[in-house]
Amino acid sequence: MRSALDVVNTFRDRPAGRLRLNVPIAAARLILPRIVQPFLAKYPDISMEVTAEERLIDVVAEGYDAGIRYEERLEQDMVAVPIGPRTQRYAAAASPAYLERRGRPKHPRELLEHDCLRGRLLSGPVYAWEFERRGETIHVEPKGPLLFSLNTSTDLAVESAVAGGGIVYLLEDWLRPYMDRGELEPVLERWWPSFSGPFLYYSGRKHLPVPLRTFVDFIKSTPWS
């Protein structure tokens, strides 16, 4: 029925309809804000529904038009379109007060001597911190006073780091505003690992609704710097 109704949209003067997206919380926080409002302003007859969560779902089975995931989590038989910066990094940071009090680590293994604010994945494990430099990769599992649910309570970890509670390790874009304001300082910056940015993905086996096709064209034309 949705596909039949969408055929009518092809005869409209401008695109119309509803677009449903399922995205990670980090994407809702870091990627979509610079896209959603310009898109809706350009296409006022399109409405958007965004669900941000950490579950890995079947977007087609649950009635979504598309989702956002990182490359290693893409499902088979899906069309993937780059969205957001194509290269991202994980970053470590701490407040100036903490670094003055405890010193600045010069190597990732020195984090074992520091208070670290660690995140737990939705699937349960506490993820290791990964660092890379000149072909060398190091995984560290530091200890610390705070364990938080990754993405769902990330703001708590950042505010704890700003207050001097320890070193935090997150997506650089999540920490960048605090570093730009001087509330946090980079730690082990030359060791920060990079990875490819996220993708908008949708089924390649079904009719592409007009709102989704319009959104795909929009993000393809959006410059990322």
Side-chain angles (χ1 to χ4, degrees), residues 22-33 51-57 68-73 84-198:
N22 184 281
V23 307
I25 294 172
R29 172 75 177 270
L30 305 175
I31 302 296
L32 290 183
T51 299
E53 59 180 341
E54 295 305 299
R55 291 188 306 141
L56 296 180
I57 69 165
I68 293 178
R69 286 187 188 173
Y70 288 87
E71 187 172 10
E72 66 273 14
R73 293 184 173 182
R86 298 325 305 144
T87 301
Q88 296 183 303
R89 295 192 298 176
Y90 278 105
S95 70
Y98 175 87
L99 295 174
E100 182 178 352
R101 183 174 76 251
R102 297 291 302 276
R104 183 183 295 273
K106 296 181 174 59
H107 189 277
R109 292 192 181 91
E110 294 181 16
L111 292 170
L112 298 175
E113 303 170 5
H114 282 266
D115 293 332
C116 296
L117 313 175
R118 302 191 62 196
R120 184 186 294 277
L121 299 171
L122 181 65
S123 56
V126 179
Y127 73 98
W129 294 8
E130 180 177 304
F131 297 90
E132 298 176 352
R133 186 182 180 194
R134 297 175 182 174
E136 180 184 10
T137 300
I138 295 177
H139 292 86
V140 180
E141 297 187 7
K143 306 298 180 182
L146 176 65
L147 182 63
F148 64 96
S149 297
L150 192 63
N151 291 333
T152 56
S153 56
T154 296
D155 286 335
L156 172 63
V158 175
E159 293 301 330
S160 295
V162 170
I167 300 174
V168 66
Y169 177 88
L170 293 167
L171 291 172
E172 179 183 4
D173 289 344
W174 208 301
L175 298 177
R176 178 54 57 188
Y178 299 88
M179 292 189 286
D180 289 344
R181 293 194 297 265
E183 296 175 300
L184 294 175
E185 292 184 5
V187 172
L188 298 168
E189 186 169 6
R190 288 186 291 181
W191 286 88
W192 291 357
S194 60
F195 59 98
S196 62

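Index from 1, following the sequence.
- Residues H114 and Y98 approach most closely at ND1-OH, 2.9 Å, considering heavy atoms.
- For E100, the CD atom sits in a loose shell: 12 or fewer heavy atoms of surrounding residues, nucleotides or ligands are nearer than 6.0 Å.
- None of S196, S194, P193, P198 except one satisfies the side-chain contact (heavy atoms from CB on, under 4.5 Å) rule with Q88; the exception is P198.
- Taken to the nearest 0.5 Å, the CG atom of L146 stands 12.0 Å off from the CD atom of E159.
- Contact between L99 and P105 at its shortest, heavy atoms only, is CD2-CD, 4.5 Å.
- Using modelled atom types, one side-chain atom of R118 and one backbone atom of Y127 make a donor-acceptor pair closer than 3.5 Å.
- Shortest non-hydrogen contact noted between V187 and A94 is CG2-N, 3.9 Å.
- With hydrogens and angles ignored, the 3.5 Å screen pairs no side-chain donor or acceptor of T154 with any backbone N or O of L150.
- With sequence neighbours excluded, the residues forming a side chain to side chain contact (heavy atoms under 4.5 Å, CB included) with P145 are D115, L117, listed by chain and number.
- Nearest heavy-atom pair across V168 and A157 is CG2-CB, 4.3 Å.
- Side chain of R86 to backbone of G197: a donor-acceptor contact under 3.5 angstrom is found.
- The CG atom of N22 sits 7.0 Å away from atom CZ of R55, with the distance rounded to the nearest 0.5 Å.
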Which donor-acceptor pairs under 3.5 Å do the side chains of residues 128-144 make with protein atoms, sequence neighbours left out?
unit_1	atom_1	unit_2	atom_2	d
E130	OE1	H139	NE2	2.9

Could you pull out every donor-acceptor pair under 3.5 Å between side chains of residues 23-32 and any protein atom, sequence neighbours left out?
unit_1	atom_1	unit_2	atom_2	d
R29	NH1	D155	OD1	2.7
R29	NH1	D155	OD2	3.3

Margin query: Please determine whether side-chain contact (heavy atoms from CB on, under 4.5 Å) holds for the pair I167 and L188, giving the CA-CA distance in whole Å, both sets of side-chain angles, and the decisive distance to 0.1 Å.
Written below: CA-CA 11 Å; I167 300 174; L188 298 168; over 6 Å; no
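- Every residue meeting the ring-ring contact (aromatic ring centres under 6.0 Å, His included) condition with Y90, not counting sequence neighbours, appears here in chain and number order: Y169, F195.
- The heavy-atom pair separating G164 from R101 by the smallest distance is O-NH2, 3.1 Å.
- Rounding to the nearest 0.5 angstrom, the gap separating the OG1 atom in T152 from the CZ atom in R120 is 11.5 Å.
- A search for ring-ring contact (aromatic ring centres under 6.0 Å, His included) contacts involving W192 returns nothing, not counting sequence neighbours.
- A distance-only check finds a donor-acceptor pair linking the side chain of H107 to the backbone of R109 [under 3.5 Å].
- With sequence neighbours excluded, no residue satisfies side chain to side chain contact (heavy atoms under 4.5 Å, CB included) with P33.
- The minimum heavy-atom distance linking R89 with R176 is given by the pair NH2-NH2, 4.5 Å.
- The SG atom of C116 sits 12.5 Å away from atom CG of L147, with the distance rounded to the nearest 0.5 Å.
- In this structure, R190 places its CZ atom where only 12 or fewer heavy-atom neighbours from other residues, nucleotides or ligands lie under 6.0 Å away.
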